[in-house]
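One structure is given here, and the rest of the page talks about it.
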Amino acid sequence: MAKRFNVTGNCRPEIHYMVDITKRLREIETMIDRGDYITLNRGRQYGKTTTLRLLADALREKYVVVSIDFQNLDSSEFAGVEAFTEAFAREFCLNIRGNDSIEKTTAEELQKFANGEVPRTSLRKLFLALSECCARSERPLVLLIDEVDTASDFQVFLDFLSQLRSGYLHRDITPTFQSVILAGVQDIRNIKQRLRSESDHQPNSPWNIASVFSLDMSFSAEDIGGMLREYEADYETGMDVSAVAGLIYDYTSGYPVLVSSICKYLDEEISGTDAFPDKSAAWTAEGVARAVSRIYEESNMLFESLQDKLDTYPELRKMLYSLLMDGKPVNYNRYDPAIQTALMYGFIRIENKAVVVANRIFETQLYDTFLASPEMRESELFLRGDREKYQFIKNNQLDMKLILERFVQTLSDLYGDQTQKFIEDDGRRYFLLYLRPIINGTGNYYIESRTRNQERTDVIIDYLGKQYVCELKIWHGNAYNERGERQLADYLEYYHLDKGYMLSFNFNKNKKIGVHEMQIGDKTLVEAVV
C-alpha cells in the first residue's frame, strides 16, 4: 500500500510519510532512564499521541511499558474512586497481559481490582498493588498516559496524581514506576486552581515533581526536508526539496499538523487540477501557496479551538488584538493568564522575551477573525474593496500600485476629515480591511514579525506564488522617511524582489497625497501617501 500524509489520529511510519523523530525519542528516553516524571503538554494536533506510541515501541526492550489513553474511559468512570480504580486497573491489566516480566500472582491481584472484587476498594489499595507489581517485575515499569485533559475536571484524578507523587517521593523505600509521562494540552500542574476552592487551596501542586520538558516538538526545515526526500524517492516529482521544505516551514514554523496538511493537499488534491496538472507542477511555491489557501477554506480543529478560546478568554482576545491590530509589543510575563493560556494551546511562542504568534497560518487566521466581525464586513472600506477587486487582477497578478491608488482615494473620501489619533490607531486595520476581499480565496497575507510595531509594519502578500512587500508606516519627517525607504530596499533584497510598496500615513497639513515611484539603487519603490 502506498504511503500517504496523515492529519488525523496516530501516524504510523509503515503507512505514513513522517518526520524522523528518532533523536527526540532518544532525548525522552534519557529522561526516563534517570527516573524523571514528565508532563508533556503541547497544543492540539502537535504529535503527542504519535510520540507516545513510537516511544512505547522504542522502550519495550528495556522496560515494561503501560500505555493508557484516558479517552478510552467514559466520564462515569471518573465520577468516583471505585469506578476509576476499576477502569484504571482494567486498562493496566490489558497492557501487561501475557508479559513474561510480570509475576503471575501480582497480575492476578490487579485483575481483582479490574473485576470489582476488592472490598472497600481505594486508590491507596490500588497503588499498593501497583507497587507490588513494580517490585516483582523483572524489568522496570514505565507508565504513559495520553489525553489526561479528559480527567482534569474530576477530583479523583487529583487524588490519583497525589498517589503518583507520593510514590515518587518515597521511591527509595517503596518500589514504584521508573517513570511516568502524562500527555495532554493543558498543563496539569495547574489543575489545583480549578478543582480546589480558595478555602481549600493547597500550596503544593500534586504534580510539582514533574521535570521540565523543554524538548522542541516542532519540525525544522531540515526535518520537513527529510520527509519530502522520502516522498520524492517514491514519485520523482523533480521538486526542489530544500526550497519547498523551507516554504512549508515559513508558513507553519514546524507545527506538525499544519506541515502534514500542506503536504496532504499538495499530494492528494492540488496535483491533477487544471492549474497544477501533475505532481511536478504542484510541489512548487505556487502549489504551496494554494495548499495554504485550502487550509483557510475548510474548517479544522485548530481554527475551531482558536475561535473557542478567543470567545472563552476575553483577555486572550484583547492581548492578541493589541499585538496584531494595534502593533503594540507584548512582553513575556509568566504570571499573565492570557499569555499562559495562549502558550498552553500553542497559539503563541516567546522570542527574545516577547510574545509572537506561533506561525503565519495562525496569524492570518487571527487577522481574518478580527476583520470578519459584522461591523467590519459592513464597513465602506471592506465593501469598496470587494466591489473593486476584479480591476486589481491582471494576468493572474496583483496590480499593487492600483490597489494603493484606490485605497488612498477611498480613505481620503471616507476619513479625510477625521483626527490624527483616529487614523494612527486604525491605519493598519483599514488597509487590511480593504485588502482582504481583494485577495480572499486566492492569496494570503501576513505581517513580518520583525517589523511589527506602532511605527512600521511590513505586510507580505502571497498571490498565486508571487510575493509583494508593502510597508505601512507613520510619517515622522523626511529624514525618517528616507531611512525607511532604504530599509525597504534592503528588505526587498532579502525577499529577492525588484519592486516594493510603501504606504505612509502623513498627518502634516501640507502633505501631498497620492502615489509616486522612485528608484533606490536597482529597486523600484512605489510610495503612497495618505
Side-chain angles (χ1 to χ4, degrees), residues 8 39-49 70-71 73-75 78-79 146-155 157-158 161 182-198 200-201 205 207 217 252-253 255-258 261 295-296 298-326 328-350 354-377 429:
T8 56
T39 295
L40 197 170
N41 59 288
R42 291 293 186 275
R44 295 193 183 282
Q45 295 181 289
Y46 218 100
K48 299 183 295 295
T49 298
F70 270 3
Q71 282 193 332
L73 280 62
D74 61 51
S75 58
F78 293 107
D146 197 9
E147 301 292 349
V148 293
D149 305 77
T150 305
S152 61
D153 285 327
F154 298 94
Q155 181 63 45
F157 180 58
L158 190 72
L161 291 182
L182 305 181
V185 174
Q186 300 181 55
D187 187 347
I188 61 170
R189 289 174 296 183
N190 299 323
I191 65 170
K192 70 178 189 302
Q193 299 171 0
R194 297 188 296 123
L195 294 178
R196 299 281 186 181
S197 66
E198 286 300 316
D200 193 27
H201 183 72
S205 164
W207 202 241
M217 292 178 63
T252 64
S253 295
Y255 200 112
V257 73
L258 294 177
S261 294
I295 290 175
Y296 296 123
E298 293 189 353
S299 61
N300 60 70
M301 288 179 59
L302 284 179
F303 291 168
E304 290 172 2
S305 175
L306 178 58
Q307 184 60 57
D308 176 67
K309 299 307 177 292
L310 292 176
D311 294 339
T312 304
Y313 302 102
E315 289 304 311
L316 173 64
R317 173 184 283 270
K318 181 179 178 181
M319 178 193 72
L320 292 173
Y321 189 95
S322 178
L323 175 68
L324 296 180
M325 302 302 289
D326 297 334
K328 296 178 180 177
V330 178
N331 294 324
Y332 175 61
N333 177 356
R334 62 178 299 186
Y335 301 108
D336 187 318
I339 292 176
Q340 291 306 310
T341 298
L343 279 173
M344 181 170 63
Y345 288 104
F347 301 150
I348 63 172
R349 65 180 189 273
I350 306 302
V355 171
V356 297
V357 178
N359 54 67
R360 289 181 187 172
I361 291 177
F362 278 2
E363 182 171 301
T364 300
Q365 180 64 19
L366 284 167
Y367 275 115
D368 283 350
T369 297
F370 294 143
L371 293 170
S373 63
E375 58 270 26
M376 290 285 192
R377 284 184 171 275
R429 185 187 319 153

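- Partners of F78 under the ring-ring contact (aromatic ring centres under 6.0 Å, His included) rule, at least two apart in sequence or in another chain, are F70, F84, F154.
- Partner N359 forms a side-chain contact (heavy atoms from CB on, under 4.5 Å) with one of L258, I348, T364 and no other, that one being L258.
- Checked by atom type and distance alone, the side chain of N41 never pairs as donor or acceptor with a backbone atom of G184 at under 3.5 Å.
- Within the model, atoms CG of L310 and OH of Y321 stand 12.5 Å from one another, a figure rounded to the nearest 0.5 Å.
- A donor-acceptor distance shorter than 3.5 angstrom exists from the side chain of R349 to the backbone of V357, with no hydrogens or angles considered.
- A salt bridge (Lys or Arg N to Asp or Glu O under 4.0 Å) check over residues 310-323, counting only residues at least two apart or in different chains, returns the pairs D311-R317.
- Between Q365 and T369 the shortest side-chain heavy-atom distance falls below 4.5 Å.
- For the pair Y367 (side chain) and L324 (backbone), a donor-acceptor distance under 3.5 Å is present.
- Separating the CG atom in L302 from the CZ atom in R44 is a distance of 9.0 Å, to the nearest 0.5 Å.
- Although no hydrogens or angles enter the test, the distance criterion places no donor-acceptor pair under 3.5 Å between the side chain of S305 and the main chain of M301.
- Counting only distance, with no hydrogens or angles, the side chain of K309 and the backbone of T341 share no donor-acceptor pair below 3.5 Å.
- In terms of the ring-ring contact (aromatic ring centres under 6.0 Å, His included) criterion, Y332 has no residue partners (sequence neighbours excluded).
- Put simply, the side chain of T150 gets close to the backbone of E147: a donor and an acceptor are under 3.5 Å apart.
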